[in-house]
Every structure is written in C-alpha cells, then in structure tokens.
Undergrad: 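Please find one structure pasted underneath; my questions will follow.
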Amino acid sequence: MKVLIGELAARTGVSPRSLRYYEKQGLLIPERSVNGYREYPESAVDTVGVVRRLIAAGLCTGTIARVLPCVRAEGAQVVPCAGLVSELAVERARITAQLAELSHSRALLDEVIAAAQ
DNA sequence: CTTCTAACA
DNA sequence: TGTTAGAA
C-alpha cells in the first residue's frame, strides 16, 4: 500500500512540512500520483524513523543521505552496514571536538559570570 | 477535506 | 520549522 503525506506524518509524528523538507534534502523519494500527491511506500515509516535517529545523533542531512542506503531499521535501533562504521567514527570524532569547544565556551562564560560585581 | 508550492512578522 | 495563501 502507498501512504499519503498526511498519514505518514501521523504514523511517524513528523510534520508534513519536515517530510517535504527531507525530500528536498534527498532523504526521501516518494512517487507521485496523478494528482501530484506524494505516495510513500510503507517502508517510508521506518526510513523516517532512521532519519530522525540520525538527526538526533547529530548528523547533517547530507551525511544522512549518503548513509541512508547502508542502514536498516531494527525497531528503534539503526543498524549500519559494516563498511559504514569508519565513516560514523569520523562523525563521532567531530562531536567529541564540538564537546571540547562547548566546554571551553562554558568555562569562559563561567569566568564572566564569576566576575559579576 | 487533503495536498501542493512558495513565501514570510 | 511553523504557518499561510491560493489553486487543484
């Protein structure tokens, strides 16, 4: 069965607006019915779940688009193919670097706060 | 009523 | 991202 954007939104908890945005980013590729309506396969429900997960994991849409065809949804878990692990490790390293920057910012802000009269 | 695109207090 | 206008 094909599902329209409204139903997919209801079944995933993701707004139609975001669903269209994901498409523009190349994350979702629905077919079009004669009236121009987007028609998603049932599998899109899982795909959207994976996308949400990866976004929450801090990946940009571009990276998600490249990684998407190499991952499978297993319940709430996102399972990547073996060859993808190294690339994901790079993302992890990037996040680690961000954490360092954030703690630095926090430390500087702490100094400013501590200087309060 | 539902979806589409484009654009914005 | 939300929301909205006008059209289909």
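What's counted below: heavy atoms across the whole structure, side chains too, no hydrogens, waters or symmetry copies. Below, chain A is the first sequence line, B the second, and so on; all start at residue 1. Given the structure is predicted, the values throughout are model-derived calculations rather than measurements.
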Undergrad: Indicate yes or no for a side-chain donor-acceptor contact from A/Ser18 to the backbone of A/Val14 under 3.5 Å, with no hydrogens or angles considered.
TA: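 Side chain of A/Ser18 to backbone of A/Val14: no pair is present.
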
Undergrad: Decide side chain to side chain contact (heavy atoms under 4.5 Å, CB included) for A/Tyr22 and A/Ile55; before the verdict, give the C-alpha distance in whole Å, the side-chain angles of both, and the deciding distance to 0.1 Å.
TA: CA-CA 11 Å; A/Tyr22 294 166; A/Ile55 286 178; 3.8 Å; yes

Undergrad: Could you state the atom-to-atom distance from CD of A/Glu7 to C1' of B/dT3 in whole Å?
TA: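 Distance check: A/Glu7 CD to B/dT3 C1' gives 14 Å.
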
Undergrad: Let's test your reading of the model: under 3.5 Å, does the base of B/dT2 pair with the side chain of A/Tyr37 as donor and acceptor?
TA: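 Result: at least one qualifying N/O pair found.
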
Undergrad: Rounded to whole Å, please give me the gap between CG in A/Asn35 and P in B/dT5.
TA: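 Value for this atom pair: 11 Å.
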
Undergrad: Please report, rounded to the nearest Å, how far the C1' atom of B/dA7 is from the CZ atom of A/Arg17.
TA: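 These atoms are roughly 10 Å apart.
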
Undergrad: Partner lookup for C/dA8, please. Criteria are Watson-Crick or G-U wobble with both distances under 3.5 angstrom; report none if nothing qualifies.
TA: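 Pairing partner: B/dT2.
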
Undergrad: Rounded to the nearest angstrom, tell me the gap between atom CD in A/Glu23 and atom C1' in B/dT3.
TA: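 Rounded to whole Å, this separation is 13 Å.
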
Undergrad: Examine distances only and state if a side-chain atom of A/Arg94 and a backbone atom of A/Gly58 form a donor-acceptor pair shorter than 3.5 Å.
TA: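 Judged by distance alone, yes, a pair lies under 3.5 Å.
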
Undergrad: To the nearest Å, give me how far apart CD (A/Glu31) and C1' (B/dT3) are.
TA: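 Atom-to-atom, A/Glu31 to B/dT3, this comes out as 17 Å.
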
Undergrad: In whole angstrom, give the distance that lies between atom CG of A/Leu8 and atom P of B/dT3.
TA: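 It is 11 Å, rounded to the nearest whole Å.
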
Undergrad: In whole Å, I'd like the distance from the CG atom of A/Leu19 to the P atom of C/dT1.
TA: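 So the two atoms are 10 Å apart, to the nearest Å.
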
Undergrad: Please list, chain by chain and in numerical order, all residues satisfying salt bridge (Lys or Arg N to Asp or Glu O under 4.0 Å) with A/Arg92, sequence neighbours excluded.
TA: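 For A/Arg92, no residue satisfies salt bridge (Lys or Arg N to Asp or Glu O under 4.0 Å) once neighbours in sequence are set aside.
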
Undergrad: Should A/Ser15 be listed as having a side-chain N or O under 4.0 Å from OP1 or OP2 of C/dT1?
TA: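 Indeed not, no polar side-chain atom of A/Ser15 lies that close.
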
Undergrad: Figure out the OH/P separation between A/Tyr21 and B/dA7, and round it to whole Å.
TA: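 From A/Tyr21 OH to B/dA7 P: 17 Å.
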
Undergrad: Given 3.5 Å as the limit, does a donor-acceptor pair link the side chain of A/Thr47 with the main chain of A/Ser43, or not?
TA: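 Pair found, side chain donor or acceptor close to backbone of A/Ser43.
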
Undergrad: Measuring to OP1 and OP2 of B/dT5, would you say a side-chain N or O of A/Arg32 lies under 4.0 angstrom away?
TA: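 Looking at the OP1 and OP2 atoms of B/dT5, one of them is under 4.0 Å from a side-chain N or O of A/Arg32.
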
Undergrad: Check this one for me: any side-chain N or O of A/Arg38 less than 4.0 Å away from OP1 or OP2 of B/dC4?
TA: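 Indeed, a polar side-chain atom of A/Arg38 lies that close.
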
Undergrad: Just to be sure I understand the rule, does A/Tyr22 reach a base, reach only the sugar-phosphate, or reach nothing, if contact means heavy atoms closer than 4.0 Å?
TA: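 Answer is sugar-phosphate: A/Tyr22 comes under 4.0 Å of backbone atoms only.
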
